[in-house]
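Working notes, beginning with the structure itself.
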Amino acid sequence: MFCDPAFTPVVEALREGLGPGGAALAVTAGGRPVVDVWFGTADEGGSRPWRRDTVVNVFSVSKGVVATVALLCAQRGLVDLDAPVARYWPEFTSEATVAQLLSHRAGLPAVRSPLPPGSLYDWDAMAAALAAEEPWWTPGERHGYHAVTFGWLVGELLRRVTGREIRDLVSGELGVPGLSIGLPRQDAHRAAFVLPPESPPMPAGSPLAEAMADPASVTARAFLNPADQLVPGLPNTGRWRAAQIPAANGHASARALATLYGRLLSGDLLAPGMLARATTAHSDGFDEVLRGRTRFGLGYMLPNEVRPFAPRAEAFGHTGSGGALAFADPVAGVGFGYTPSRTIIAPAGPDPRWPPILEALYGCL
């Protein structure tokens, strides 16, 4: 483990909020590592210590990873961000553009018809269903969080233009150790057990609660169809880890995430112009799925009312269901990765573990 002495308060904040299970935290500042620590245990019984190479399912933090690969492909001229998706994916029936897919403006956050069991693990079936789906709104006119469909939509687009699966693109194009879509079988011993969710009560009568209560709503469909998503203990199953569900089953260490976002700030991955376009708010306002105000660039989440994950509006990255967080702050020059195994589901607002860590971090800068 390593901590620059100037950042000791950050490590103390992590330890104070640890609770059951384990977690890791990594920070780069000014292009150099300043925090790389881990604490707690990585197995269900609490006997296996968290280690340097431990990874954990980071859920939607995966979206920022997938977005980075898509932007690299755009930078290389393999895909035009302003082109219709159908140019590359002929079966795609919507008029949505590539940029609209990335910014949650495509109108395809859910499939209306109930999907058969096993669909979550059937890439071709999900890609075909989404290609044929009528958008829930005219692409580009509104936005709504594509909670799970984002991965299949962007992943299939990239498969069409590169001939490679998204898991191979992530490992090959980014080349960040400890970062993958799914988890290779030979690395299963490195995975932390994801502890069952702790869920603060959803405020009665809140717009999100009302939307989830309506099974025909776009919100309910986005989170409950396919129903495979509801299996208890899903992230700890071999089937989940072996699958490619790019919006949700990325596995990472905190070090890998901080490294990725640090490299984005350094210009090592994306040219300044591409990064500026990707981190400009393409969606800013009422979210048709999350029923609150959100902000997105091209694949990256930006700090917003539903998920205020960083103190500066210029930050970009992604949160993950359960508390994982990765972002870059170009003003502070910070790359940040946090990977807990204890799951806290907060319907809105920050994960309660983030503010003390971030307050300590920004106090040390």
Do [X] and [Y] share a hydrophobic cluster (ILVMFWY, side-chain heavy atoms under 4.5 Å, transitive)?
X	Y	answer
Phe59	Leu183	no
Phe316	Phe296	yes
Val306	Phe327	yes
Val170	Val55	no
Tyr261	Leu361	yes

Any side-chain heavy atom of [X] sitting closer than 4.5 Å to one from [Y]?
X	Y	value
Arg293	Asn304	no
Phe7	Leu365	yes
Met212	Ser217	no
Trp136	Arg142	no
Arg190	Arg51	no
Val218	Pro109	yes
Arg48	Phe193	no
Val69	Val154	no

Do [X] side-chain atoms and [Y] backbone N/O form a donor-acceptor pair below 3.5 Å?
X	Y	answer
Gln229	Leu120	no
Arg255	Ala26	no
Asp82	Thr97	no
Arg342	Leu18	yes
Asp36	Phe2	no
His282	Gln100	no
Asn57	Gly250	yes
Thr219	Val289	yes
Gln244	Arg167	yes

Please name the residue in the list Thr319, Thr343, Ile344 that meets the side chain to side chain contact (heavy atoms under 4.5 Å, CB included) test with Asp351. Ile344

How far apart are the closest heavy atoms of [X] and [Y], and which atoms are they?
X	Y	result
Pro116	Asp228	O-OD2, 4.2 Å
Gly335	Ala258	O-CB, 3.9 Å
Leu157	Val85	CD1-CG1, 4.3 Å
Ser341	Thr41	OG-O, 4.2 Å
Ala247	Gly151	CB-N, 3.5 Å
Phe309	Pro303	CE2-N, 3.5 Å

Are [X] and [Y] linked by a side-chain donor-acceptor pair shorter than 3.5 Å?
X	Y	result
Tyr362	Asp329	yes
Thr68	Tyr300	yes
His143	Thr294	yes

Which residues pass the side chain to side chain donor-acceptor pair (under 3.5 Å) test with Ser60, not counting sequence neighbours? Lys63, Tyr145

[atom1]/[X] to [atom2]/[Y] distance, rounded to the nearest 0.5 angstrom?
X	Y	atom1	atom2	value
Thr259	Leu264	OG1	CG	11.0 Å
Thr54	His189	OG1	NE2	9.0 Å
Leu158	Tyr88	CG	OH	11.0 Å
Leu302	Ser283	CG	OG	9.0 Å
His318	Arg307	NE2	CZ	10.5 Å
Thr280	Arg295	OG1	CZ	9.5 Å

Report the C-alpha separation of Leu81 and Arg277 in whole Å, then their side-chain angles, then the decisive distance to 0.1 Å, and conclude whether the side-chain contact (heavy atoms from CB on, under 4.5 Å) test is met. CA-CA 10 Å; Leu81 293 171; Arg277 181 176 182 184; 3.7 Å; yes

Could you check whether atom CD of Glu314 has more than 12 heavy atoms from other residues, nucleotides or ligands sitting under 6.0 Å from it?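 Correct, the count exceeds 12.
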
Is it true that, when you exclude Arg112 itself, more than 12 heavy atoms of the residues, nucleotides or ligands shown sit nearer than 6.0 Å to its CZ?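 It does: Arg112 CZ has more than 12 such atoms within range.
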
Stepwise side-chain contact (heavy atoms from CB on, under 4.5 Å) test for Ile181 and Asn249: CA-CA 6 Å; Ile181 298 300; Asn249 85 331; 3.7 Å; yes

Test side-chain contact (heavy atoms from CB on, under 4.5 Å) on Trp123 and Ile166 and set out the steps. CA-CA 11 Å; Trp123 183 281; Ile166 187 63; 4.1 Å; yes

May I ask you to say whether [X] pairs ionically with [Y], meaning some side-chain N is under 4.0 Å from a carboxylate O?
X	Y	result
Glu210	Arg291	no
Arg76	Glu173	yes
Asp268	Arg263	yes
Arg159	Glu156	yes

Residue list, ring-ring contact (aromatic ring centres under 6.0 Å, His included) with Phe150, at least two apart or on another chain: His104

Checking Trp240 against Val231 for the side-chain contact (heavy atoms from CB on, under 4.5 Å) test, could you report, in this order, the C-alpha distance in whole Å, the side-chain angles of both residues, the deciding distance, and whether it holds? CA-CA 10 Å; Trp240 171 268; Val231 173; over 6 Å; no

